[in-house]
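A short worksheet on the structure shown next.
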Number of protein chains: 2
Amino acid sequence: MPSADRRLQPRREPRQVRAELTRERILAAAAHIFSEYGYAAGTTNRIAERARISIGSLYQYFPNKDAILAALLVRHIDRGTWTQADELDLSPGTLAATVRALVRDAIDNHSEDPQLLRIMIEEAPLSQELLDTVDRHGKQRVAQIRDLLARHPDVRVTDLDTAAELIVLTVEINTHKLMADPRPIPVERFERELANMVTRYLHGDRHTE
Amino acid sequence: MPSADRRLQPRREPRQVRAELTRERILAAAAHIFSEYGYAAGTTNRIAERARISIGSLYQYFPNKDAILAALLVRHIDRGTWTQADELDLSPGTLAATVRALVRDAIDNHSEDPQLLRIMIEEAPLSQELLDTVDRHGKQRVAQIRDLLARHPDVRVTDLDTAAELIVLTVEINTHKLMADPRPIPVERFERELANMVTRYLHGDRHTE
DNA sequence: CAATATTATGAGCAATAGCTCAGCTCTTCG
DNA sequence: CGAAGAGCTGAGCTATTGCTCATAATATTG
């Protein structure tokens, strides 16, 4: 009843089932369109067309184009399920297995729609807020891995902070490229070697220090 | 004298010094603008403005916006100077030093303008031709590294193809992220650990195989 | 079955971008 | 000097895109 000039968030909440469905349709369509055309060429009209709704309806659910991609990103982050440290075997002699589990996690979390993911983080003009969200999750993940390294008896690297950062980055990013590119190398082989590399790094050895 | 309707390449060749200078000015301006605004928001008008020439002149040197970025990319690739295998010490016990040289190479080649480089390969709509050029250089680099691994007596990994691919990707991409991000970790530490990781991987060890 | 709230529609506005072209200025050279 | 061609100019055309709004359709409620 008061202030008659809001309209910051188009549509407060969907009240009917129909609305929920439409919202989902938009997101699904957007995922397809962005994935196929990229962010810039993935126009809102194209998204509406694919969702089989009018462009006007689309803008009742999202205040602008960026918000659509933001919703997709948040959804992806929320879905991302990494195995927790307490589900892992930390007894001596199990480092190789532990690392392999981490690598597999990364691959699983990127297998859904690698192309879309790439576009979300590489092409999209992420708002500061979104960037912060992504960053927060990244830092959390690094801290988690750092903690794991600290607990595992087989780990012999000294600079745990750098190691954790390096590992997360390496695993994440190699997975990215692996999924996005037309595989130049079989996934299993790549997975095995990537795990090997990380494992050997963590074991430390006499040649480097 | 014949066919009066070409005009595929605006401006065949600069005949006067002035023209060369203008061309350079455009490229320099474009590098700045793309680097600051990104590809989409780096408009041709902005580039012309920064180069202090008219928009019309710009289009006498480049047929379209993409061509400008293509020129920048080609230039970067051409400039990229990787140390050759025959400049490296391949005697036993030198693997750590060799790897460190490779890592340093990567960092050097990205230190000029990391932001621009990121935009060139991540945001730009590269033509198939350009993609091929990039790809060709990538493959060449991988082959080079594979060869190096095969020659070096300290290398104990068996799957050289996968190893080469993995190393190039890892080093390249870690460097990327390192330069682009507001450093969360000092460069030297990261460089050292990255080199350590690769070195230990190549040495192989008893824990993995 | 009204009356009201919610959801859907799509023509079209405003902004912006890539790019053209008719004509100008400057350089070159006999 | 002066003519011819190389190089430069920038208003503005064309196309596209994100997004609005007046209106209609559908759902809900009393």
Side-chain angles (χ1 to χ4, degrees), chain A residues 1 4-27 29-30 33-34 36-72 123-125 127, chain B residues 1 4-27 29-30 33-34 36-71 119 123-125 127:
Chain A
M1 300 96 215
D5 69 322
R6 8 186 178 77
R7 186 81 347 185
L8 301 175
Q9 266 79 3
R11 178 108 323 154
R12 291 149 293 186
E13 291 154 66
R15 308 290 174 111
Q16 305 175 4
V17 227
R18 170 168 68 141
E20 293 282 8
L21 288 178
T22 305
R23 212 193 122 90
E24 279 312 306
R25 290 250 294 282
I26 294 171
L27 286 177
I33 296 294
F34 284 145
E36 185 172 344
Y37 293 87
Y39 185 73
T43 71
T44 50
N45 283 290
R46 255 200 263 262
I47 294 172
E49 187 184 22
R50 162 125 202 165
R52 292 163 157 279
I53 56 154
S54 81
I55 181 65
S57 289
L58 187 150
Y59 279 95
Q60 279 190 319
Y61 291 92
F62 300 93
N64 53 55
K65 184 178 170 179
D66 290 1
I68 303 176
L69 195 115
L72 284 175
E123 284 188 18
S127 69
Chain B
M1 310 102 202
D5 69 325
R6 8 182 180 77
R7 185 82 347 186
L8 301 176
Q9 266 80 4
R11 179 111 319 156
R12 288 149 297 187
E13 291 155 67
R15 307 291 174 110
Q16 304 176 2
V17 225
R18 169 168 69 139
E20 294 281 8
L21 288 178
T22 304
R23 210 193 123 90
E24 279 312 304
R25 289 249 295 282
I26 294 172
L27 286 178
I33 295 294
F34 285 145
E36 185 173 343
Y37 293 87
Y39 186 72
T43 71
T44 50
N45 283 291
R46 256 200 263 262
I47 293 173
E49 187 184 23
R50 161 125 203 164
R52 293 164 157 280
I53 56 154
S54 80
I55 181 64
S57 289
L58 188 150
Y59 279 95
Q60 280 191 320
Y61 292 90
F62 299 94
N64 51 55
K65 185 178 170 180
D66 290 3
I68 302 176
L69 195 115
I119 284 161
E123 285 189 16
S127 69

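Letters A, B, ... are given to chains in the order of the sequence lines, protein chains preceding strands, and every chain is numbered from 1.
Taking every heavy atom of residues 42-54 of chain A and every atom of DNA chain C, pairs under 4.0 Å involve A/Ile53, A/Ser54, by number.
Each of C/dC19, C/dT7, C/dA8 was ranked by its minimum atom distance to the side chain of A/Ser57; first place goes to C/dA8.
Smallest separation of non-hydrogen atoms from B/Gly42 and B/Phe34: O-CE2, 3.4 Å. Nearest heavy atoms, A/Ala29 versus A/Arg50: CB-CG, 3.4 Å. Taking each heavy atom of B/Ala30 and B/Ile68 in turn, the nearest pair found is CB-CG2, 3.5 Å. Residues A/Leu27 and A/Leu72 come closest through the heavy atom pair O-CD2, 3.7 Å.
A donor-acceptor pair is defined here as one N or O able to donate and one able to accept, closer than 3.5 Å; no such pair exists between the side chain of A/Glu123 and the backbone of A/Gly38. A/Arg52 contributes no side-chain N or O that, together with a main-chain N or O of A/Arg25, makes up a donor-acceptor pair within less than 3.5 Å.
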Would you give a per-nucleotide map of nucleotides 23-30 of chain C, 5' to 3', where B means the base has a protein non-hydrogen atom under 4.0 Å away, S means only the sugar-phosphate does, and - means neither?
----S---

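Taking only side-chain nitrogens and oxygens, B/Thr22 never comes nearer than 4.0 Å to OP1 or OP2 of D/dG7. OP1 or OP2 of C/dA8 lies within a sub-4.0 Å distance of a side-chain N or O belonging to A/Tyr61.
One interatomic measurement links the two molecules: CG of A/Leu21 to C1' of C/dA8, which rounds to 14 Å at whole-angstrom precision. When rounded to the nearest whole Å, the span between CG of B/Leu58 and P of D/dG7 equals 15 Å. B/Ile33 places its CD1 atom 12 Å from the P atom of C/dA17, with the value rounded to the nearest Å. One can place CG of A/Leu69 at 12 Å from P of D/dG18, the figure rounded to the nearest angstrom. Atom CZ of B/Arg23 is separated from atom C1' of D/dA6 by 16 Å (rounded to the nearest Å). In this structure, CD1 of A/Ile55 is placed 16 Å from P of D/dT16, rounded to the nearest angstrom. The nearest whole Å value for the distance from the CG atom in B/Asn64 to the P atom in C/dA17 is 17 Å. Atom NZ in A/Lys65 sits roughly 15 Å away from atom P in D/dT16 (whole-Å rounding).
B/Glu24 is linked by a salt bridge (Lys or Arg N to Asp or Glu O under 4.0 Å) to B/Arg75, counting only residues two or more places apart in sequence or in another chain.
Here CD1 of B/Ile26 is found 13.0 Å from CD1 of B/Ile33. Values are rounded to the nearest 0.5 Å. Between A/Glu13 atom CD and A/Glu20 atom CD the span is 9.5 Å, to the nearest 0.5 Å.
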